[in-house]
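Okay, structure first, notes after.
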Amino acid sequence: MERDTVAKIALHAATYTIDKPYDYLVPPELKDCLKPGMRVIVPFGAGNRRTEGIVLVLENGCSYDPKRKNVLTLLDEEPVLDTQALRLALWMRERYFCTVYDAARAMLPSGLYFSLQDKWSITHGVDREQAYEVAGRSESAKHLLELIYAWGGSAEVAQIKEAFGTRDPNPALKLLRERGILTLETSAERGIGDKTERVASLAISPEDAMALVSGKRRSAPLRYAVVELLCTVGSASAKEICYFTGASNATLRSLEKSGILSLEQREVFRRVTVDGVEPSEPPILNSEQQAAFEGLNALAAAEKPAVALLYGVTGSGKTQVYLRLIQAVLSRGHTAMLLVPEIVLTPQLLRIFTSCFGDDIAVLHSSLRAGERYDEWKRVRAGKARVVIGTRSAVFAPLKHLGLIILDEEQEYTYKSENVPKYHARDVAKFRCAQNDALLVLGSATPSVESMYYAKQGTYHLFTLKQRYNTRALPAVILADMKQELRAGNGTTLSGPLRQAIAKNLSAGEQSILFLNRRGASRMLSCGECGAVPTCPRCSVHLTYHSANGRLMCHYCGHSERVPETCPQCGGTLNFIGFGTQKVQEELQTAFPGVEVLRMDTDTISATHTHEKLLSRFEREKIPILVGTQMVAKGLDFPNVTLVGVVAADLSLYVDDYRAGERTFSLLTQVVGRAGRGEKNGRAIIQTYTPENDVIICAARQDYDTFYEQEINLRRMRGCPPFCDLFVLTASGRMESAVLKTCMRLRRSLEEWLSRPPLDQLNAQLLGPAPASVAKVNERYRYRLTLACRNTREVRAMVAYLLRCAQTDKENKGVSVSADVNPLD
DNA sequence: AGCACGCCGACT
DNA sequence: GTCGGCGTGCTC
């Protein structure tokens with residue numbers, strides 16, 4: 001019996017329902033080079049269409065199986081995922097209801113992605129007559145040959161499909177391939193290549209080299225200069241040598257020919273440099289920080305995994321503790337990772353870490369260019385960078401010997417992915433730490449209710465920093481009751497107390513920041529006469545105005561249209577509406593004529609007017625007032641800002657989400673903390689329509705402990721995390737009635753599972769079907785069921801089973817279903 | 001999801 | 001006879 005080598009492969013073409021490791025035969029020529037974690041091209045399905053896959057396991061000595069197809073092409077020279085990463089992908093499938101391939105792909109930088117292109121061409125050595133003879137009476141085969149010959153003997157699948165229109169080219173393709181007339185080749189193209197440069201170094205000893213050129217110092221000064229340079233620096237890139245000596249490539253080549261120097265290609269890494277950074281000494285910790293550091297360091301050094309919550313009030317110096325901890329981890333030969341919610345909002349942090357670790361850090365986030373991101377990833381994989389700083393997806397960075405992951409501002413929702421796989425970076429980090437006996441540190445000034453609960457339970461270790469490092473008191477906070485303002489005849493967005501405070505700041509020459517509590521500053525148009533708002537034709541959302549292209553756009557499906565001259569409903573005039581930053585800016589300009597007001601939101605931020613440039617202008621030119629959205633809430637540290645105003649604190653409070661209170665508290669706390677960072681004391685004014693609301697009151701007092709106690713009781717009562725997890729099953733499709741029916745069937749199956757042992761013990765709550773928060777996207781209606789219960793393996797297995805059933809069920813034709821745990825909306 | 005197979009009626 | 005429509009079932 002033959003002894004075959006078989007690769008178990010996770011496939012791109014496999015949907016969630018049929019996702020499993022597929023067995024492929026490894027051909028002899030690939031036996032020596034194929035390893036787990038490498039990507040390959042394989043044929044799949046009855047039509048043998050080509051698809052990408054990632055090798056999970058190799059098994060030697062397998063018996064022959066006629067079902068098996070061959071691995072066709074190897075795409076990687078070395079594995080792109082190691083054993084730990086592959087195990088993580090399997091874990092993610094079980095946890096997030098995605099395919100293994102989806103999970104694996106999320107771990108790789110997009111520069112590493114391949115796009116497959118199928119090309120059909122006339123087989124070598126086949127002439128036209130022969131080909132047409134084989135095509136025989138088949139009209140479509142003859143048509144196909146005509147097309148391919150007209151295109152010069154080969155054509156891409158998309159090309160053929162387009163030319164065939166409604167007709168199916170597949171039977172003709174199959175016929176001509178079986179008779180040897182056509183061949184299918186699949187090429188894989190990668191968007192980003194490896195960048196290299198030519199590097200020159202001396203091929204002989206410096207003394208010999210100098211001896212060879214010094215005689216001709218006059219006649220060949222360039223050769224002399226190049227050798228002299230190389231004697232002092234050892235080796236340098238061809239580009240640099242030419243720049244410094246004035247030599248040309250010809251000079252270098254001739255020196256190479258004489259055997260004096262050698263030229264070779266070396267890989268270079270594209271990097272974004274952080275400028276103006278000087279190496280700095282490790283920070284000196286105060287006694288509180290030192291205690292936290294020692295406790296955390298002991299956990300990091302231990303031989304078992306642990307999770308710690310570092311609860312430090314704004315300005316207590318968590319960053320210094322992170323720095324020392326990372327240094328300690330590195331000194332033990334391990335690597336470390338620092339995750340942040342949004343990197344462009346924390347340029348200071350990047351500067352501090354660069355000054356401390358230099359090239360030992362790699363920065364990974366989405367606003368890098370694909371080449372830069374890919375190269376940073378390669379530096380991490382090669383062990384050239386031992387510290388990773390990045391946003392959500394950086395949690396997958398290929399660090400070896402991981403000793404520490406820090407999630408800064410762990411309560412931030414940006415750690416949860418909205419795309420498939422819908423993972424939470426906190427969970428992935430926890431899993432990776434468990435794999436490596438590493439420490440996970442969750443840092444926050446306003447910890448998520450879940451994390452604090454686990455810390456109080458003793459599941460997490462708790463460390464607290466209570467002192468502000470400049471020992472400055474927290475800003476004095478005033479609540480402004482907007483209902484009263486309205487009654488008093490003030491219909492503007494600026495309350496009396498806020499106006500007075502701004503006026504006071506203007507005369508004192510101090511700066512103020514006004515914060516608009518709203519995600520993204522979307523600008524909508526509305527009709528002045530009938531109140532109609534332009535809506536997306538394909539989705540149930542309002543269109544928002546984009547100043548970049550001057551068009552109305554839909555954030556969900558990408559639809560864009562010209563701004564209509566008049567209201568499409570009644571012909572009235574359209575105006576910008578909403579509680580936008582622009583409106584606040586206008587009102588400020590009316591209230592304080594001649595005073596400059598800087599506005600910062602998605603509308604005023606662009607490639608040239610970056611977030612950072614705007615802020616530095618605000619600081620440098622001492623512009624009196626800054627109005628902005630979320631962007632102004634984080635990490636700003638301007639000594640001359642002594643007043644912070646929250647325009648409408650309630651806006652984030654009354655959304656249909658169990659985290660609304662937590663989010664509002666956290667935001668208000670962060671914003672209030674922006675005032676009085678310098679010598680002078682700060683003030684904050686929170687405008688609200690509900691001054692009696694507990695969350696608002698706690699935020700105004702900066703009283704996290706009371707907020708936590710109230711919130712945890714609410715969560716317990718309502719059955720929200722951490723007591724329960726919310727499994728949201730979403731069905732979507734073009735036919736609203738079919739979508740609803742699918743939901744009802746799903747609900748019945750769920751009810752049945754939940755009524756029988758062992759799941760009847762769970763005390764699970766089932767809600768819905770209800771329309772999703774955006775009920776229609778891209779002409780597809782979306783309804784959802786919510787299952788509130790403990791997130792156990794049994795429940796996940798049931799949900800996975802029901803998803804697979806629903807996807808296979810013929811009754812659910814035209815409807816797709818998916819699941820998400822604790823989604824954002 | 002995407003493809004083939006098989007069964008049906010329509011057209012030449 | 002052949003072509004194209006649609007329902008069904010499988011994917012190493």
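Residue numbers begin at 1 in each chain, while the letters A, B, ... track the order of the sequences. Just so it is clear, the values below take in all heavy atoms, side chains as well, and ignore hydrogens, waters and symmetry mates. Note that the structure is a prediction, hence the values are computed from the model and not measured.
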Open item on the list: Once ring-ring contact (aromatic ring centres under 6.0 Å, His included) is applied, do any residues pair with A:Tyr16, and if so which ones, sequence neighbours excluded?
Closed with: none
How would you list, by chain and number, every residue that makes a side-chain hydrogen bond (donor to acceptor under 3.5 Å, both in side chains) with [X], sequence neighbours excluded?
{"X": "A:Arg95", "answer": "none"}
{"X": "A:Arg373", "answer": "A:Ser393"}
{"X": "A:Ser417", "answer": "none"}

TODO: Please determine if A:Arg756 forms a cation-pi arrangement with A:Trp753, meaning its NZ or CZ atom is less than 6.0 Å from the six-membered ring centre and no more than 45° off the ring axis.
DONE: yes
Task: All stems with DNA chain B, defined as three or more consecutive Watson-Crick or G-U pairs under 3.5 Å - done: B:1-11 with C:1-11
Open item on the list: Other residues, nucleotides and ligands only: do more than 12 of their heavy atoms fall within 6.0 Å of CZ on A:Arg190?
Closed with: yes
Open item on the list: Tell me whether A:Gln765 at atom CD has more than 12 heavy atoms from other residues, nucleotides or ligands lying less than 6.0 Å away.
Closed with: no
Task: Pair A:Tyr423 and A:Tyr415, ring centroids less than 6.0 Å apart - done: no
Task: Where chain A begins and ends its contact with DNA chain C, read 5' to 3' at 4.0 Å from heavy atoms - done: C:dG4 to C:dC12
Side-chain donor-acceptor pairs of residues 768-776 of chain A under 3.5 Å, sequence neighbours excluded:
| from | atom 1 | to | atom 2 | distance (Å) |
| --- | --- | --- | --- | --- |
| A:Ser773 | OG | A:Asp825 | OD2 | 2.8 |

TODO: Check whether any side-chain heavy atom of A:Asn822 sits under 4.5 Å from a side-chain heavy atom of A:Tyr658, and report yes or no.
DONE: yes
Open item on the list: Return whichever of A:Lys813 or A:Ser140 has its heavy-atom-nearest nucleotide of DNA chain C closer to the 5' end.
Closed with: A:Ser140
Open item on the list: Just to be sure I understand the rule, does A:Asn170 reach a base, reach only the sugar-phosphate, or reach nothing, if contact means heavy atoms closer than 4.0 Å?
Closed with: sugar-phosphate
Task: Pairs touching residues 801-810 of chain A that satisfy salt bridge (charged side-chain N to carboxylate O under 4.0 Å, His left out), sequence neighbours left out - done: none
TODO: Return each pair, listed once, that meets salt bridge (charged side-chain N to carboxylate O under 4.0 Å, His left out) where at least one residue sits in residues 69-86 of chain A; pairs must be two or more places apart or across chains.
DONE: A:Arg39-A:Asp76, A:Glu78-A:Arg381
- [ ] Using the heavy-atom set of chain A and a strict 4.0 Å cut-off, write down the first and last nucleotide of DNA chain B that makes it in, 5' to 3'.
- [x] B:dA1 to B:dC5
Open item on the list: Show the nearest heavy-atom pair for residues A:Ala131 and A:Ile181, with the distance to one decimal.
Closed with: CB-CG2, 3.7 Å
- [ ] Could you verify whether a donor N or O on one side chain and an acceptor N or O on the other, from A:Thr730 and A:Ser818, lie under 3.5 Å apart?
- [x] no
Task: Comparing A:Gln807 and A:Lys174 on DNA chain B - which has the more 5′ nearest nucleotide - done: A:Gln807
Open item on the list: Near DNA chain B, counting only heavy atoms under 4.0 Å, which residues of residues 39-58 of chain A show up?
Closed with: A:Ala46, A:Gly47, A:Arg49
Open item on the list: With ring-ring contact (aromatic ring centres under 6.0 Å, His included) as the test, pick out the partner of A:His12 among A:Tyr22, A:Tyr101, A:Phe114, A:Phe44.
Closed with: A:Tyr101
Open item on the list: Among residues 12-29 of chain A, which ones have heavy-atom contacts with DNA chain C below 4.0 Å?
Closed with: A:Ile18, A:Lys20, A:Tyr22, A:Asp23, A:Tyr24
